[in-house]
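Here is how names work: the chains are called A, B, and so on, in the same order as the sequence lines, proteins then strands, and each is numbered from 1.
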Amino acid sequence: MLIGLGIVHIVLTLFAGPFLDGFTRKYIKANLAHSREGPLVGPWQTFVDLFKLLGKEDLFTAGGIISLQMLAPLVALSSALVASLMVPLSGIAPLGAQSDMIVFLYTIGLGAVAVVIGAMATGSPYAYAGSLREISLYLIVEPVLMLAMLGAMALSRSLHLEDQLRWHYAQGFSLPMLIGAVAVFVALQAQFGKLPFDIAEAEQEVISGPFIEISGPRLALLRWFFLSRQFVFAGLFCTVFLPWGLTAYPVVNLLITLVKIFVVYSLIGLIDAVMPRVRIDQALRVYFAVLIIALLGAVLAFVSA
Amino acid sequence: MENGLFWLARTEGQIGTGLMVLILASVLVPLFYRRRYYMGPIAFILTLIGSAFLISSGVSVFLQGPTSTFHLHPLPGLTTPLTIGVDYLSAVFLIFVPAVVTLVCLYSLSYIENYKEQNPARLYPFLILLPVAAALIVIAADLILFLIGWELLALITYFFIVYRKEKEVVRAGAGYLLVSQAAIVCLIGATLILYRFSETKNLTFEAVGQTIEQMGLVHPGWLHTALFLFLIGFGINAGIFPFHFWLRKAYPSAPSAAAGALAAVGPKVAVYALLRLYADWLPVSFFSTIWGQILALFGGLSLFVGAFIALLQTDAAKLVSCYITVQLGYIVLAIGAGVTFLPISPPIALVALTAGLFHTVNNALYKSLLFLNTGALFARAGETDLAKVGGLMRVMPLTGLTALTAAVAIAGLPPVNGFASKWMIFSDCLMAGRTLPLFALLGAIALFISALTLASFLKFFGSAFLGPLMPATAEKKDLPLPMQVPQALLAVACVLIGLAPAAFVLPLYQAVSFLLHKGYAPSPYVVLGDSLTAIRLNFGDGIVATWNPIPFLAAGAVTFLVSFGLYRLLNPSRRVSPVWHCGATVSPTIAKYHTHGFYQPFKDFVGFRVNRSHARSHNPSAYASEEPPVRPITQQSQPDRLYPSVIRWISRLYRTIRRTRNGSPPMVWMLLTVSVIVAIALYSALS
Amino acid sequence: MIASKIRQILIGKRAGSVTLKYPFEPRPSEPGYRGRVTVDTDKCVGCGGCADVCPARCILITDVSPFIRIIRRYLDRCIHCGRCEEVCAYDALHLDGEYELATTDRKDLFIEQKLFMGTCNRCGRCYIPPTPLDRLMVVGFRKDEDLDGETI
Amino acid sequence: MVQQLTTDTILGRLSESIPVIASQSPTPHRLYIEVPKDRVKEACRILFEDLQGRYTITVGTDRRPVNGKFEVLHFFSFDRDNIRMAVRVFLDPDDLTLESITPVIPGAGWAEREIQDLVGIRVIGHPDPRPLALPDGFPEGLYPLRKDYPYNYQPPLDEGKTFPFKEPPPDATVVTVGPFFPVLEEPSQWRLFVDGEIVVGCDYRGFYNHRAIEKLGDSVLTYNQIVFLAERICGICGCVHSTSYCQAVEEAAGIEVPLRARVIRSLILELERVHSHLLWLGLACHIVGFDYGFMQSWRIREPVMWLAEYLTGSRKHFSINLVGGVRRDIVPDQFDRILSVADDVDRQTNELVKAIQDDTALIARLKGVGIFTPEEVRLSGAVGPTARGSGVAIDARRDHPYAAYDLLQFEVVTHDGCDTLARTLVRIGEIFESLKMIRQCVNLLKDIPVGDLLGEIPEEIPPLKDGMHAVEAPRGEVFHYVLTGYENRPYRWRVRAPSYQNIQSVPMMFKEGTYLADVPITLGSVDPCFSCTERMEVVDQGRSQSYTLEEKDLLRLSRSKYRALKATERK
């Protein structure tokens, strides 16, 4: 049964990520904010891009290390899919019993490291600049998620995401979890890599950072990694931090979670459509404030645990 | 004496022969100082034999159980006999220390060629004596032999550091000597206090345990001072927070191979001493809660300080040395948590102590591997400054791969061994934090610092092995075999431990629970779960945290196949093209991303403690009349000293002493020992 | 910040989608648009006035013999300034509103006229330039050098 | 404060300390002073520092066919007193050296390097004498702008030589922004010396597409043909160049332009300013990642382009000017469309500006970025919104009125923020001013009788007459100098675009602690128009996608382009 659920998770992550991204690009960014028609094929535009890229020629840089350039996108995408197996989308996660909060955090970290090493292996200064921006942001944004989940762990007395989920749904509303949820939602904007925090692949400043020397199918895989990671983060946020709609049937839970994810995506897409890009030092300051909020939530959780 | 074979079967016999072989080797090897070519292999073979004996003794302890204490011939004038006793904890160290030192000896066979002007005869004997010193400390069952072992270790480290006869290296050696002798003095002081208050005037470990128990009731004040002196002594050798400053100068000046061996021995043996002191001797009482929390605090602070100083380093050797402090911070944090929770809840305590021990073993492996990689940098690029080195993965791919494994291990990413031990430490601290919030805070700091470690070692791997290849190292060939084999073995060891952590954690749990008296520790299978690979922590109310590498890797393999399938879906053609500099042609030397610029926004943002890397920009104009005022960016060679006043006071003292006695370092050392003897005389007169 | 964002979204929504569906719906040019150059070969007397004023010099005149004059117009190099239309005394040239001139064959944008010249129209008297700056540069026998290598 | 200046007071002040050889003042607003070669630097110092003149440009001319000498003209302008003057010096061909004035006037750096490259006058004491306008491998001793150099001769370039870039500081990495970069529409290369994210220095290499259209102007094309070449110097501000060129020729030849033509010229110029500023606003928002602003401002701008197509026959290349007047009249039944478009644009721009004015995220990216003090404005000779953003109120429409600006009421928008935000507010203010002026022009046209649109042109334009004129383009003051010549063709034609001075001032804006992310927006805030700067014939300006060409493709493309151009010549 878990194997079946695992396949559902992988297929869902691989297809919901690009679809939701295409949806926000068309109906929120183009039609609503930019008052333009948007892509003709509507929400399927991201798929069209990905499959076009899969057919294109694969370029490696002469100055870099070919093997690492080849492996990086593959490892990144597989780490994102493994992380998606740990998120209890339908109340239970395929790898839920075998892993916990810290394993999930570090699997996502593994994906980010793979991208960075793949980018550095190309040897282009823009790839270095872009990936170092990503790591600098990761250093500030990851503790926010960690502190919020710390609060959840303290209250639910267990590191397993499923236990935290069950406790939070049973408990209903609790102040530390609410503070944690707010902090994680703001952190989502950077984890999604959406404006105002798409600093790592800012096309105007560092010519789309880690993506600069990668082309063809490997670029498609790297984009797919970022899209799947977005879906995983949204899934985690909707399941653990939004405590409504846990019924007995897993299928119903899955649908409710997808609806919640859809709402979160459109909210983030809306912010992305009307925000300029902030500089890396401004982003660090913003997320330091969010870090303080998350810390407050965690302390409150420990005190009340 | 029973016949040879039977003698060899028993652990004491194996240890005895092992030590004999090594001591003989250290005497024999210098005789070949004329013929450099033969000296290396002979030294290696003898070390191999000696270490084999020591390792077999360690393994036999685990098979046949710990040996009873064994009295050597007592020294004249001393009431306490010199006793030896090998239990599970010492067995753990007897296994991995000689193994790492042998690999380092194999590595230095061809690494020594880089130091043309020095004679290897000044390195091999001490490399061979290193396991002897460690074994001595680990098997000693009384304080005197224990201190002799520490003294031997300090001397060996000094001779490693001053191997290169350059001026600033000698000064670093003198500095280290001063610091290590101060540590020894503290240990001697603590022993004196124990000796004074023990009725039986006997310093064997059991007697020490009883004396401490008595002092706890009668003279708590003196017990605290003794424990404090012990803490300073072992803290200095471990290089944790308040005493970490000597590390950055001492280890980088030693040859990288020697530094790798030292990193696997010095601080790790200090961890053995801490475990022995706080878990074995100290009775489970409110003392352990106080001192446990102090230890945990020191661990947390050394995590924080070490990581931020390392963020500034641009030299590979300094960066790796800084991270000794950080990794020791993790271990001491775990031990502190364990000791604190001994009286409160045994499962959490024992899991914490096991986690600390497990991290010690893992750290010894990947830390020495990192030093060997730095050595490889020195061998091929002539220097370890990351700013001048680049793209070496194309010159030496295997070393690059091992460096990547080591970086992933120290950063604690899932499949490799660093993650297993860090995961245990985090989950234990966080769960402990529910009763004592201090540990939750320290756990959170530990999680954040592990992200910082990841960043720093991406800097190490990113600027040394990736990026454009520097022309100076372009046509160099790969490393010789003796240098590659040890790195490969260490990397494979790291990955193996990562894949089956439970198999290694159970014996360590047994070693730690043996320290406490019988019947105290819950059975390992309840606390750690019973499978061979998965660890399921259960602190009494259900399984709280799980880490099972096998399904993780299975899922990883499946998803890797899925992404590879996607990659080959429309079988794309492949082509190699030069790096794109927006249409301009830029030479690789100036296009290399300078190491000083790594994470510069983050460093500026966190600049409150670390003196900011201040970049004065000049505004050159296409028509500037005079040469623009470029102030070179303040090079971060001297990171901010946290205790500037203390250091200045010590060096002023050092200078005044030097002026009085025509300034040669041994003179200072001799003066110190005289002062200690005077202190002892005074003390015995008073009591 | 939030107020300005809401106001921005309202502006975007109120403006609706302004994308023109150009390839699918025709997009006529404004009246008076200087588009394609059409040549009425009957009215053209071969005086060469347009060749003189063309800034891009894409009208070339060659006198093969005292009676035969060949005028070659490379309309792919034309910058659509409309000077030739203004200068032509016999209004043989006209720029209409057509702007979809993309072709795969350069011959579509190349017009060649062979004119049988009477004796008088080579002396330029019958062509009165509107301003002194537009007078005939070269009077008499003309041989414009062809685009080298690009024989059409 | 310096007292009221007239051409005589300037001449008097100069001749006090310098032996003035000759001086002409054809009109009360023009003055040409000839000084001996060794006193040129002294003269320029007096004009620049004592009389607070603004340095405009330096022109080198090969006058050997005329009087056997080379001529160098340093142009200054006194905006408060509506006077433009030139310091003229003659050099004999065998001793072609001149003392550099860049140490005194930093803004003259590029101009002097250009005369060194193209005319061969060696400038002594120049702080940065690297080649500027010529391609890397151009053979020594060949100077394209000399009369003996055939206009279509293409010397073989030796591939080996590369441009001598500056060495980066010890701890800095070189990040090249350009020649092909998402933010720059045209090829130019900024080599940034970066420490992490902080910019610690930069070096510039431009003129990748330099086509030397000045050589074309004075060797192949006639007066009226150059108008259309001038218009195509820049894809956005074309009409400005053609108007300025026509006015320069009109001043040299003494042609009187009828009032209706002058009003039409002002109207079209202001129309071009509206669409150029809206384009810039969209571009700046795009550089900062604010695609919302990009889409909305270009949506508002589209009706202006259709209006221009309706009035002049083309969206951008209006081709409305001729020497002596305009080609098309604006008839009354076009007026209401102009007024309705002006009202729409005014309302919608007001709405958009109010929406993004207090957007803290956008302000955070513009405020305090690219600081440019008034003193640096004076030193670098920056013009247009770049200068007005730092409180320096110079505007050619008010200081040196031309076309119909003396009949229009408008105020010069300035802001003393000295940063990118100030320059943005100046440009937005100017959009509203231009719309006001368009309405005034329409009212003027209502009561001017429909008459002829071209002034009286003399049979033969007198040769060797100097004519200099400037027009306030959206990016600053465009300056054209014409020396009339023989055979219905100018002897020398010099174009100085505003970006020529503004780009020289950009390195000054990278103050201490500038982030790599600030570089594109600082560059954008100057609204650089590289095509104007390099006076290249921009043919495919319309195609906006960035093509990724190798260095070799670039050369092949330019050579094939050059061959095609050569082929169409008759002689």
Side-chain angles (χ1 to χ4, degrees), chain A residues 22-45 48-49 182-183 185-190 192 194-199 262-279 281-290 293, chain C residues 1-38 55-56 75-82 94-110 147 149-152:
Chain A
F23 181 85
T24 42
R25 252 168 77 178
K26 163 89 174 173
Y27 294 106
I28 292 174
K29 188 161 193 171
N31 291 5
L32 187 61
H34 292 181
S35 58
R36 57 185 166 89
E37 204 48 46
L40 286 181
V41 285
W44 307 106
Q45 180 60 36
V48 168
D49 299 344
V182 165
F185 180 74
V186 177
L188 272 186
Q189 195 75 17
F192 268 45
K194 290 275 188 194
L195 282 168
F197 297 108
D198 75 341
I199 302 163
F262 176 76
V263 168
V264 166
Y265 253 81
S266 18
L267 260 176
I268 287 179
L270 193 63
I271 296 174
D272 169 68
V274 281
M275 283 293 278
R277 177 179 308 113
V278 289
R279 276 200 316 260
D281 55 324
Q282 293 161 341
L284 291 178
R285 260 192 293 277
V286 163
Y287 272 104
F288 188 69
V290 175
I293 297 170
Chain C
M1 164 78 134
I2 309 294
S4 67
K5 288 303 167 198
I6 292 162
R7 216 178 285 133
Q8 283 166 18
I9 294 171
L10 288 179
I11 293 174
K13 191 76 195 84
R14 214 175 310 121
S17 157
V18 290
T19 319
L20 302 176
K21 316 258 183 313
Y22 166 60
F24 307 108
E25 291 156 10
R27 172 80 187 85
S29 58
E30 297 285 339
Y33 175 73
R34 290 178 267 109
R36 178 185 53 190
V37 178
T38 52
L75 298 184
D76 53 2
R77 286 184 38 70
C78 163
I79 58 172
H80 306 285
C81 61
H94 173 59
L95 272 72
D96 57 13
E98 182 58 42
Y99 55 85
E100 286 150 345
L101 306 180
T103 66
T104 49
D105 176 4
R106 286 190 68 176
K107 285 193 176 53
D108 304 344
L109 291 171
F110 170 70
L147 294 181
E150 287 177 33
T151 51
I152 292 186

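Using a 4.5 Å heavy-atom threshold, the side chains of C:Met1 and A:Met275 count as touching.
Looking at every heavy atom in both residues, A:Glu37 comes nearest to C:Thr19 through N-OG1, 2.7 Å.
The contact between A:Leu270 and chain C is made entirely by side chain atoms (from C-beta outward), counting heavy-atom distances below 4.5 Å.
Residues of residues 10-18 of chain C having a heavy atom under 4.5 Å from any heavy atom of chain A, listed by number: C:Gly12, C:Lys13, C:Ala15, C:Gly16, C:Ser17, C:Val18.
Between C:Lys21 atom NZ and A:Leu40 atom CG the span is 9.0 Å, to the nearest 0.5 Å.
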